[in-house]
Amino acid sequence: MSYFEKVYEIVKKIPAGKVATYGQIARLLGTPERAKIVGWALHKNPYYGEVPCHRVVNRNGEISSGFAFGGPFEQKKMLEKEGIIFDENGKINLNKYLWNPYEFQE
DNA sequence: CTTTTGACTGAGT
DNA sequence: AACTCAGCCAAAA
């Protein structure tokens with residue numbers, strides 16, 4: 001299994017109403033220094049429709065640029081639909097919405 | 001095969 | 001607090 005597929009597996013486990021950072025995902029894979037690879041994997045997003053990549057944000061809690069969903073507004077709308085609230089800066093309150101994979105439910 | 005790049009992050013200015 | 005610099009490594013050109 002390539003690193004990409006591992007990333008997709010993690011992202012698919014993110015519950016609705018929660019978000020995760022690239023670094024966090026990379027850490028779950030045991031490779032915290034490959035956060036960039038995680039982001040890149042999602043950029044390709046070959047499993048569009050299966051992988052909720054809209055729930056993955058950068059360390060700042062902001063939606064990353066690139067958007068494979070058709071536009072930033074679409075992604076933001078999707079997240080709000082999940083129950084995530086953006087602050088006045090268009091950022092997500094990670095302290096509240098960051099996903100906590102305690103046992104990493106396989 | 002070699003080089004560039006990138007949905008990032010952490011440290012430094 | 002905001003901006004910049006460098007490092008990390010796999011995939012794409």
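Numbered from 1 within each chain, the chains take letters A, B, ... in sequence-line order. All values reported here derive from a predicted model rather than from experimental measurement. Atoms considered below: every heavy atom in the structure, side chains included; atoms not considered: hydrogens, waters and symmetry mates.
- Rounded to whole Å, the distance from OH on A/Y3 to P on B/dA7 is 16 Å.
- In the displayed structure, A/D87 atom CG is contacted under 6.0 Å by more than 12 heavy atoms of other residues, nucleotides or ligands.
- For A/I37, the side-chain contact (heavy atoms from CB on, under 4.5 Å) partners two or more places apart in sequence, or in a different chain, are A/Y3, A/F4, A/R34.
- The minimum heavy-atom distance between A/A20 and A/L98, with the atom names listed, is CA-CD1, 4.0 Å.
- Protein atom CG of A/N45 is 17 Å distant from nucleotide atom P of B/dG6, rounded to whole Å.
- The OH-P distance, from A/Y48 to B/dA7, rounds to 17 Å in whole Å.
- Annotation: side-chain contact (heavy atoms from CB on, under 4.5 Å) contacts of A/K36 (sequence neighbours excluded): none.
- In terms of the side-chain contact (heavy atoms from CB on, under 4.5 Å) criterion, residue partners of A/E33 (sequence neighbours excluded) are, by chain and number, A/T31.
- Residue A/K12 qualifies as enclosed at atom NZ: its count of foreign heavy atoms under 6.0 Å is above 12.
- Residue contacts for A/T31: at a heavy-atom cut-off of 4.0 Å it reaches no nucleic acid atom on any strand shown.
- One interatomic measurement links the two molecules: CD1 of A/I25 to C1' of C/dA10, which rounds to 16 Å at whole-angstrom precision.
- The phosphate of C/dA12 has OP1 or OP2 within less than 4.0 Å of a side-chain N or O from A/K44.
- In this structure, A/L28 atom CG and B/dT9 atom P are separated by 13 Å, rounded to whole Å.
- Partners of A/K96 under the side-chain contact (heavy atoms from CB on, under 4.5 Å) rule, at least two apart in sequence or in another chain, are A/N93.
- Taking atom CG of residue A/L98 and atom C1' of nucleotide B/dT9, one finds them 15 Å apart after rounding to whole Å.
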Restricting to nitrogen or oxygen on both sides, can you table the protein-nucleotides 1-5 of chain B pairs closer than 3.5 Å?
none

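- To the nearest angstrom, C1' of B/dC8 lies 14 Å from CG of A/L29.
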Any protein N or O atoms within reach of nucleotides 6-9 of chain C? Criterion: under 3.5 Å, listing atom names and distances.
residue: C/dG7; atom: O6; partner: A/K36; partner atom: NZ; Å: 3.1
residue: C/dG7; atom: N1; partner: A/K36; partner atom: NZ; Å: 3.0
residue: C/dC8; atom: N3; partner: A/K36; partner atom: NZ; Å: 3.3

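- No donor-acceptor pair closer than 3.5 Å links the side chain of A/R55 to the backbone N or O of A/V11.
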Hey, mind stepping through A/C53 and A/Y47 against side-chain contact (heavy atoms from CB on, under 4.5 Å) and telling me if it holds? CA-CA 9 Å; A/C53 28; A/Y47 298 98; over 6 Å; no

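- Residue A/I92 contributes atom CD1, which lies 18 Å from atom P of B/dA7 at whole-angstrom precision.
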